[in-house]
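Everything numeric here is computed off the predicted structure, so don't read it as measured data.
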Amino acid sequence: MGIYLNPRKRAFQKALNSQIYVDKSKLIAYTNKVLDSEQQYVCVSRPRRFGKSMAANMLAAYYGRGTDSKAEFEKLEIGKVDSFLTHLNRYNVIFLNMQEFLSENHDVESMKSAIEKNILWDLLEAYPDIRYFDSENLTRTLSDIYNAEEIPFVFIIDEWDCIFREKKADKEAQKVYLDFLRNLLKDKPYVALAYMTGILPIKKYGSHSALNMFDEFSMTNPKQLAEFTGFTETEVKELCDRYGMDFEETKRWYDGYHFENVDHVYSPRSVVSAMLSRSFDNYWNQTETFEALRDYIVLNYAGLKDIVIELLAGAHKKIETGSFSNDMTTFSTADDVLTLLIHLGYLGYDFSSKEVFIPNSEIASEFVAAIQGAGWEEVIDAVKKSDNLLKAIWSKNAEAVAKGIEEAHFETSILKYNDENSLACVISLAFYSARTYYTEIRELPAGHGFADIVYLPRKNHQDKPAIIVELKWDKSADAAIDQIKKRNYVKALEGYKGNLLLVGVNYDKENKKHHCIMEEYSTEK
């Protein structure tokens, strides 16, 4: 065993020893299936805090020779899989954390040289008796060992994309690095599996990539590996039961990443922090400051500011992710910036609808922090005043509600304000603080139509009234209330027995005024 060749299993053992360990070992069932096949190249990209390094350490402990990790794995989910013993501790694993090498070297050429020297040191110590053609040539030495011993290599590369994050503008360094990886891995008989993890998908150059042999599993489409992207809802419910934490609050704070095969994925680091501290809070900012988000959302791309405000108001926006160049500097459109934010974890993405959204309360608070001091004072003012607007709703002060919405419209007037949808966006932003007490549902199927906005009290706030908001554009607030009743929107709240407020809001495009009517409604009717 060496430092980089077949490292000890201690890193994975630490994960097993942790207060909270969520078993993701069935990932190995997938990597076993693709070993030594056309699909043996796997690149997994996820945000920070999503368990990439733990998975890499797990794979190294499972495949690596020179250690016996049967006792650790046989009690996990992978222990129930037929291929478990077939591949356990049978391969020469080379484990590289690229961030460590980059931190110790000033340029990519020095980094590449350090990687080669360190791997060669371990290889020559482990196999001193092999006749080498050129013991200073890494790929030839790997080939010589494989030909002599017939033991394939598994390459596990963590933080593979650090070059693209830390040397964002150095295109030549990036190309040198990609060429190094291609020469090390592509079409080499000694490779049985190459598993790379990072934040970014593989960098594109023109119409092709230097690493085009990799299958990519990203935040836009994790495909078969979706359940390993973060914590699933079942896993989070089990943790909430164990630690006596409210599941609905956990969901509000940390859920929101939706994939085609797994509907609810939670931020792992944040869930663990909340469980262990017994406190719901923003744990995202413990590993990354909001300035990182601000740098991107203030970029001057047409429509970007409007989209961010609509997302903050709870909207889902369709975007095109295909033009993103998989780096942190090459942006042609607002969609490219938004695609980067998906990979960084600041936005969720629905693959089927091709829409982005802010996934949860934790990330929403990051957006609010990011836009402060960024020239978006009108939006911050609307958010700050949302407490007063909510109190006006509760006190049934229709005049104050109309005034509050009007102020929010003025403050967010950069949005195109020409239909009921944009009115809904303004109202959602104006009622921003309602998310603490309510689940907001837009376009809720109800009766003979769709209720524009419904606010349902959360489990811990059942003393608050449910609210149905109907919006009208250049009609009347009375017509909005009538529509709620005639189309029986209350039916959507079937089973709800608490207080209910009907709110009708109209915007008069001639005098540019909002009018509000409110009615209490008995759910016993």
Participant: For atom CZ of Arg131, is the number of surrounding heavy atoms from other residues, nucleotides or ligands below 6.0 Å larger than 12?
Facilitator: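 Atom CZ in Arg131 is not crowded, with 12 or fewer foreign heavy atoms closer than 6.0 Å.
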Participant: Heavy atoms, side chains only, cut-off 4.5 Å: are Asp255 and Glu233 in contact?
Facilitator: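 Yes; the side chains approach each other to less than 4.5 Å.
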Participant: Could you list the donor-acceptor pairs under 3.5 angstrom formed by side chains in residues 109-118, with sequence neighbours left out?
Facilitator:
unit_1: Ser110; atom_1: OG; unit_2: Asp107; atom_2: OD1; d: 3.0
unit_1: Ser110; atom_1: OG; unit_2: Asp107; atom_2: OD2; d: 3.1
unit_1: Asn118; atom_1: ND2; unit_2: Ala114; atom_2: O; d: 2.7

Participant: With the side chain counted from C-beta on, respond yes when Lys188 and Leu142 share a heavy-atom pair under 4.5 Å apart, and no when they do not.
Facilitator: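 A side-chain contact under 4.5 Å is absent here.
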Participant: Between Lys14 and Asn57, is there a side-chain heavy-atom distance shorter than 4.5 Å?
Facilitator: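 The answer is no, as the side chains (C-beta and beyond) never meet within the 4.5 Å cut-off.
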Participant: Can a side-chain donor-acceptor contact be found between Ser25 and Asp23 if the only test is distance below 3.5 angstrom?
Facilitator: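 Yes, Ser25 and Asp23 have a side-chain donor paired with an acceptor closer than 3.5 Å.
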Participant: Looking at Glu249 and Arg252, does any basic side-chain N land under 4.0 Å from a carboxylate oxygen?
Facilitator: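 Salt bridge flag = yes for Arg252 with Glu249.
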Participant: Looking at Tyr63, Phe12, Phe84, which one forms a ring pair (Phe, Tyr, Trp, His ring centres under 6.0 Å) with Phe73?
Facilitator: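 Between Phe73 and the candidates, ring pair (Phe, Tyr, Trp, His ring centres under 6.0 Å) is satisfied uniquely by Phe12.
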Participant: Between Phe153 and Tyr190, how do the two ring planes meet: parallel, tilted or perpendicular, split at 30° and 60°?
Facilitator: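 Aromatic pair Phe153/Tyr190 classed perpendicular.
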Participant: So does Ile3 get a backbone contact from the side chain of Asp122, meaning a donor-acceptor N/O pair under 3.5 Å?
Facilitator: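 Such a contact is found between Asp122 side chain and Ile3 backbone.
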Participant: Is the shortest heavy-atom distance from the side chain of Glu149 to the side chain of Ile130 under 4.5 Å?
Facilitator: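 In short, these two side chains touch, coming nearer than 4.5 Å.
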Participant: Any donor-acceptor pair under 3.5 Å linking the side chain of Thr141 with the backbone of Asp134?
Facilitator: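 Yes, because the side chain of Thr141 sits within donor-acceptor range (under 3.5 Å) of the backbone of Asp134.
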Participant: Ring-plane angle category for Tyr301 and Phe331, please: parallel below 30°, perpendicular beyond 60°, tilted otherwise.
Facilitator: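 Perpendicular, since the angle between the ring planes exceeds 60°.
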Participant: Tell me if a side-chain donor or acceptor on Asp335 pairs with a main-chain N or O of Glu320 at a distance below 3.5 Å.
Facilitator: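 Checking the backbone N and O of Glu320 against the side chain of Asp335, a donor-acceptor pair under 3.5 Å is found.
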Participant: Side chains of Phe357 and His258, heavy atoms from C-beta outward: is any pair under 4.5 Å?
Facilitator: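 Yes; the side chains approach each other to less than 4.5 Å.
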Participant: Determine yes or no for a side-chain-to-main-chain donor-acceptor pair under 3.5 angstrom, with Lys26 supplying the side chain and Leu76 the backbone.
Facilitator: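 No, the answer is negative, given that no donor and acceptor are paired below the 3.5 Å cut-off.
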Participant: Any chance you could lay out the side chain to side chain contact (heavy atoms under 4.5 Å, CB included) test for Lys171 and Thr329, step after step, and finish with the verdict?
Facilitator: CA-CA 10 Å; Lys171 304 300 183 185; Thr329 57; 3.1 Å; yes
Participant: Taking it one step at a time, do Phe231 and Thr250 satisfy side chain to side chain contact (heavy atoms under 4.5 Å, CB included)?
Facilitator: CA-CA 12 Å; Phe231 289 173; Thr250 306; over 6 Å; no
Participant: Is it true that the side chains of Ser323 and Asp336 contain a donor and an acceptor less than 3.5 Å apart?
Facilitator: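 Judged by distance alone, the side chains do pair up.
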Participant: I'd like to know if the side chain of Lys354 and the backbone of Phe351 have a donor-acceptor N/O pair within less than 3.5 Å.
Facilitator: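 Checked: pair present.
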Participant: Is it the case that Ser277 and Tyr283 place a side-chain donor and acceptor less than 3.5 Å from each other?
Facilitator: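 Yes, a side-chain donor-acceptor pair sits under 3.5 Å.
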Participant: Is the centre of the Tyr4 ring less than 6.0 Å from the centre of the Trp121 ring?
Facilitator: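 For Tyr4 and Trp121, the ring centres are not under 6.0 Å apart.
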Participant: Look at Lys52 together with Glu159 and state whether they make a salt bridge at an N to O cut-off of under 4.0 Å.
Facilitator: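 The answer is no: the pair does not qualify as a salt bridge.
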Participant: Kindly say whether Leu344 contributes a backbone atom to a donor-acceptor pair with the side chain of Arg48 at under 3.5 angstrom?
Facilitator: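 Not a single qualifying donor-acceptor pair exists.
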Participant: Rounded to the nearest 0.5 Å, what's the gap from OG1 on Thr333 to CZ on Phe324? Could you check?
Facilitator: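 Reported value, rounded in 0.5 Å steps: 10.5 Å.
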Participant: Show your reasoning for whether side chain to side chain contact (heavy atoms under 4.5 Å, CB included) applies to Met219 and Tyr349.
Facilitator: CA-CA 7 Å; Met219 292 300 283; Tyr349 180 70; over 6 Å; no
Participant: Using side chain to side chain contact (heavy atoms under 4.5 Å, CB included), reason through Leu312 and Tyr432 one step at a time and then give a plain yes or no.
Facilitator: CA-CA 9 Å; Leu312 192 58; Tyr432 181 84; 4.1 Å; yes
Participant: Can you check whether Ile358 reaches Leu347 side chain to side chain, under 4.5 Å on heavy atoms?
Facilitator: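 Answer yes - side chains close enough.
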Participant: In chain order, what residues pass the ring pair (Phe, Tyr, Trp, His ring centres under 6.0 Å) check against Tyr195, with sequence neighbours excluded?
Facilitator: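 Listed in chain order: nothing, the list is empty.
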Participant: Taking only Lys NZ, Arg NE, NH1 and NH2, and the carboxylate oxygens of Asp or Glu, determine whether Lys237 and Asp241 approach each other closer than 4.0 Å.
Facilitator: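 Salt bridge absent between Lys237 and Asp241.
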Participant: Does the side chain of Phe164 come within less than 4.5 Å of Asn326's, by heavy atoms?
Facilitator: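 They are not in contact (no side-chain heavy atoms under 4.5 Å apart), so the answer is no.
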Participant: When you measure from the side chain of Ser428 to the backbone of Cys425, do you find a donor-acceptor pair of N or O atoms at a distance under 3.5 Å?
Facilitator: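 No: the side chain of Ser428 does not pair with the backbone of Cys425.
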Participant: Test your reading of the model: is there a side-chain donor-acceptor pair from Tyr91 to the backbone of Leu193, 3.5 Å cut-off?
Facilitator: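 No, Tyr91 side chain to Leu193 backbone: no donor-acceptor pair under 3.5 Å.
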Participant: Verify whether one side chain among Asn89 and Ser69 offers a donor that lies under 3.5 Å from an acceptor in the other.
Facilitator: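 There is such a pair (donor and acceptor under 3.5 Å, judged by atom type) between the side chains of Asn89 and Ser69.
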Participant: Tell me if the CD atom of Glu136 is crowded by more than 12 foreign heavy atoms within 6.0 Å.
Facilitator: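 Counting neighbours around CD of Glu136, 12 or fewer heavy atoms of other residues, nucleotides or ligands fall under 6.0 Å, so no.
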Participant: Ignoring hydrogens and angles, tell me if any N or O in the side chain of Asn6 forms a donor-acceptor pair with the backbone of Gly66 under 3.5 Å.
Facilitator: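 No; judged by distance alone, with no hydrogens or angles, the pair does not exist.
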Participant: Tell me whether Glu216 contacts the main-chain N or O of Ile202 through its side chain, where contact means a donor paired with an acceptor under 3.5 Å.
Facilitator: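 Yes: the side chain of Glu216 pairs with the backbone of Ile202.
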Participant: Is there side-chain contact between Ser18 and Ile20, with heavy atoms separated by less than 4.5 Å?
Facilitator: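 No - every pair of side-chain heavy atoms lies 4.5 Å or more apart.
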Participant: Salt bridge (charged side-chain N to carboxylate O under 4.0 Å, His left out): which pairs involve residues 69-98, sequence neighbours left out?
Facilitator: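 Salt bridge (charged side-chain N to carboxylate O under 4.0 Å, His left out) check on residues 69-98 returns Lys9-Glu72, Glu77-Lys80.
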Participant: Could you point out which residue of Thr232, Val271, Val272, Leu239 forms a side chain to side chain contact (heavy atoms under 4.5 Å, CB included) with Val22?
Facilitator: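 Going through Thr232, Val271, Val272, Leu239 one by one, the side chain to side chain contact (heavy atoms under 4.5 Å, CB included) with Val22 is satisfied by Leu239 alone.
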Participant: Hey, can you tell me if Tyr257 and Phe50 have their rings parallel, tilted or perpendicular (30° and 60° cut-offs)?
Facilitator: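 Geometry flag for Phe50 against Tyr257: perpendicular rings.
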